[in-house]
Amino acid sequence: MIVPKPARFETRLGRFVLDRETALAADPALGEVAAWLRGELSPVTGGQLLPGRPGPGTITLGLDDLAPEAYRLTVAPDGIEIDAGGPAGAFYGAQTLRQLMPAAAFRRGAAGGPLELPAVHVQDAPRFAWRGAILDVARHFMTKGDLLRFIDLMAVHKLNVLHLHLSDDQGWRIEIKRYPRLTEVGSWRKESQVGWMGEMDGRPHGGYYTQDDVREIVAYAARRHIRVVPEIDLPGHTQAAIAAYPELGNLDTPIEVSGTWGIGSNVLNVEDATIAFFKNVLDEVLELFPSPYICVGGDECPKDQWRTSPSAQRRIRELGLRDEDELQSWFIHQFDDYLAARGRRLVGWDEILEGGLAPGAVVASWRADLGAVAAARSGHDVINCANTSVYFDYRQSERDDEPVPFGTVLTLDDVYAFEPVPAELRGDPAAAHVLGAQCGIWTELIDSNRRIDYMAFPRLAAFAETVWSGPERDLPGFRARLAAHLPRLDALGVEYRHESGPLPWQTRPGVPGRPEDPDAWQATIDAWTSNLRNAR
Ligand code: ACM
């Protein structure tokens, strides 16, 4: 009853008793995994899992000739062995081991007594290398403590990429020493819109991570084999930065950090000084995030201000560009070259395909499957973040009492049915460009950690199976595994959505949402498809 489902799982006769005397032996290369496992299990058994020798009564972590993320786990009456291709595989084996324990083992210090584990043999490895979650900490800030908790929850589900959306119109969330106003001014807004179209709430909202916070978050995630991919969204979704430094924008009048939602018209200008500014920002970002992948956004950049800006028009003429789409493409290229020269790969939303894209860039495809197909066919690696399947800000049922209904309905079963390789690419060698997938937790309408719990869980468990487990789907089997998994989430204090619908305090009557209008939706898909015809 493991989530995500392992590749092979066999039950055997007998059981292992984990108690205060249980020891832990680890290959020296797996010392960090052993330390992590000791930290998780000691409060459960009341023992210390002292370093022991491989043998009876011991949990042994070893290396074998397997892929780095693959592991074999054997629980037998006389001992437990995890053999892995590397530290990540050993970590995933240890996560599976925890799930063999009663759910109470996920409560710190709750049990304190011997635990019985069934004898099993598990062989496991992930299907995709990129198993991510996008967390939008720009629209609503998430405290560092809540973020670390979320990282632990990702690790339970064997996800390995946290895509942190650090900047947007509504907030700038990372300290940049060279430009202190980005956080002094850009990290808070005076008030926020209630729901999608409601009144302003009259309450300031804000917060940011210091560079020390970021180092801590990145290190905490790395110990859990999660890479943090930062996103600094350019050239649209930049109103908070422009509020802090008006010279980055196209207007003569100062603007404020936005408190309303939607696609903002205030975008960066295309001056050399603005490009230099963001290269300086990226210099500090690269210092903090060792990720080989750095996201510069590139989505939803309205071109109206560029159409009327003399300097943008001059730039188009000087460079001999066709239009504002090519100007955006040129703008993104500045950062592609910059990152490539520093050994990193640019990640951008699928709009970066419109007007041409540099060869090494990776596409985060969010507009249904369209960007994924276009990107893979044009030779780009792609991460499937399809809003039609894995956007967790979208409502979870048709019910009227879902909190802040938004988007199309994406039920737990819909998420479980998600296939990261688009149907159009099946059988096509270009499918090899699909590195994996990311679920999206966008937070315009998710204003607290409790609401993130409600929107993300248990859909994130279904998503985890789509990226970790094989391509076949078995909904009754998944639901049976989930029934065993929910008590683990309860023990971890996750306020997930119950099958019966929102609990009384989880609804938000009267807060305006934005359910998808099917006709408008088709028109949107048609427009996206036509824009992506220019993909190169
Ligand atoms: C996005 O949802 N605009 C990436």
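All ligand and atom numbering here is 1-based and tracks the order in the structure.
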- Task: Over all heavy atoms of both residues, which pair between P230 and V285 is shortest? Give the atoms and the distance, please.
- Result: CG-CG1, 3.7 Å
- Task: For the residue pair H205 and H140, categorise the inter-ring angle as parallel (less than 30°), tilted (30 to 60°) or perpendicular (more than 60°).
- Result: perpendicular
Could you tell me, for ligand 1, which of its N or O atoms are under 3.5 Å from any protein N or O, listing the pairs and their distances rounded to 0.1 Å?
residue: ligand 1; atom: 2 (O); partner: Y391; partner atom: OH; Å: 2.7
residue: ligand 1; atom: 3 (N); partner: D299; partner atom: OD2; Å: 2.7
residue: ligand 1; atom: 3 (N); partner: E300; partner atom: OE1; Å: 3.2

- Message: So does E175 get a backbone contact from the side chain of K177, meaning a donor-acceptor N/O pair under 3.5 Å?
- Response: no
- Query: Does R473 make a cation-pi contact with F478, if we ask for NZ or CZ under 6.0 Å from the ring centre and within 45° of the axis?
  - Reply: no
- Would you find a donor on one side and an acceptor on the other, under 3.5 Å apart, between the side chain of T466 and the backbone of F463? yes
- Message: Please enumerate all residues that pass ring pair (Phe, Tyr, Trp, His ring centres under 6.0 Å) together with W330, with sequence neighbours excluded.
- Response: none
